[in-house]
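Ligands are counted one by one from 1 in listed order, and the atoms in each one are counted from 1 as well. This is a predicted model, so every value here is computed, not measured.
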Amino acid sequence: MSIKINAVKGMNDVLPGAVGRWQELEAVAREVFALYGYREVRTPVVEPHALYARGVGEQTDIVGKEMYVFEDKGEDRLALRPEGTAGTIRAFIEHGAYVDGPQKWFYMGPMFRRERPQKGRYRQFHQIGVEAFGIAEPAIDAEQIAMVQDWLSRLGVSAALQLNSVGDPACRPAYLADLRGYLEGHAGTLCGDCRERTQKNPLRVLDCKVPGCQPVLQGAPRLLERLCQPCREHFAAVRAGLDALGVAYRVEPRLVRGLDYYVRTAYEFTSDALGAQSAVAGGGRYDGLVETLGGPPTPGVGFALGVERLALILEALGRPIPARRAAVFLISADAEGAAAVLRLSSELRKAGVACDLDARGGKLARQFKQAERVGARFALVLGGQELAAGEGKLKDMVTRTETPVRLSGLAARLREVAP
Ligand code: HAM
């Protein structure tokens, strides 16, 4: 008996008909990141659990509730990576990359969070992210944010930028104590999640979307008004940098992000096209994290973008899916033609011309149908007659017109008409 097995809930296939969109946004990312001096790093999908417990924070939902954790044959406690920053820092430290001064790295790949799946929220999803190590100055924050916008606008996407400062270890503790006191005073009107977070992670309470909590949260003390002098100066300089680069933003005092490692700059790009899961990219500064994970004191700032979410935006915009299709589909009319199309296809491919054929052979009509299915630009029928004449008819699959073509000059001709 056969059993049909489906993909794991919240984990998606990207089929050939849709993958062109992913390839396009990845290609534009590579191009833009190179323009800004970011180089690619590839790290494992599995890391020691402790990396995330220490790096991202045990109190976060991501680590505390959503991570896929397993024992490797009863020996090591491992986790599927829920995000890319911790693993990238682990690699940065492990390979002593810090000896070479500031580094700008980027990565692309799957991440895993056991969230409740819905539109734009999956259990396996993909991020494209960057980390800039070794630069404490606010110019890099501004440059990086401008780079995200540059990337998005090359894809025709305009996303709103929200910016905040979440302070640093000098100014945040006193603020958190005040915030906790305020929230405790209003516990009666807060939701269960907020009450729990008031103790564990009070900053995250500000992120609550439950309507009943909003009046209390609107009246909560604001960290932006309590920043220490260095954090205030940093924030002002990031804003000035964005202004100078022509990047529009909105200061959002309640933007706190879902990871514990941020200090000072925090930002998110959002799009209305996404519905409830409106954040397409998010990031910020994490000075101190490299040290926490065993490296030398090294400031850092980075972001990650959700590929599925960007693909949804592009789809909503009606942007066509780019596809590389065969320039020509070779059709065999008889046994002689069947041998010829095999030979000719090999020559064409060697010459860099994309071509395809129906390896099943058979009736002309079926082969033409297949040519249409794969979206070939031209079709060329080959049989004993064409081979003897050294000439065939190149059929334009769009206009349905036919023009004679010399078989010997086919590659050059196709490069002209279907580059
Ligand atoms: P994050 O905000 O948790 O940040 O994730 C970044 C982006 O990943 C989100 O804006 C969203 O587009 C996408 N994303 C997150 N969770 C899901 C999900 N379940 N399904 C689909 N897409 C999702 C980080 O991960 C940080 N590591 C970013 C960073 C890099 N900060 C500094 N450097």
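Electrostatic pairing of E184 and R195 does not count as a salt bridge here, judged by no charged N lying under 4.0 Å from a carboxylate O.
The closest heavy-atom contact to atom 26 (C) of ligand 1, among the options Y261, Y122, F125, Y267, comes from Y261. Between atom 28 (C) of ligand 1 and the options G282, G129, P82, the minimum heavy-atom separation is to G282. Of all the listed residues (E83, E115, M111, Q127), Q127 holds the heavy atom that lies closest to atom 5 (O) of ligand 1. Of the candidates R113, E131, H126, E268, it is R113 that places a heavy atom closest to atom 3 (O) of ligand 1.
Taking every non-hydrogen atom of G120 and a distance limit under 4.0 Å, the qualifying atoms of ligand 1 come out as 20 (N), 21 (C), 22 (N). Close contacts between ligand 1 and A281 involve ligand atoms 10 (O) [criterion: under 4.0 Å to a heavy atom]. Each of the atoms 31 (N) of ligand 1 lies under 4.0 Å from some heavy atom of G283.
Residue G258 places no heavy atom under 4.0 Å from ligand 1.
A donor and an acceptor atom, one from each side chain of D141 and Y267, are nowhere located under 3.5 Å apart. A donor-acceptor pair shorter than 3.5 Å cannot be found between the side chains of Y107 and T43.
Considering all non-hydrogen atoms of both residues, G295 and I93 come closest at N-CD1, 3.5 Å.
By the criterion of a heavy-atom distance under 4.0 Å, neither the backbone nor the side chain of V301 is placed next to ligand 1. Contacts of Y286 with ligand 1, taken as heavy-atom pairs under 4.0 Å, involve the side chain alone.
The aromatic ring centres of F92 and W105 sit less than 6.0 Å apart.
Considering both main-chain and side-chain atoms, A279 comes within under 3.5 Å of ligand 1 through a nitrogen or oxygen pair.
The environment of D72 atom CG is dense: over 12 non-hydrogen atoms of other residues, nucleotides or ligands sit within 6.0 angstrom.
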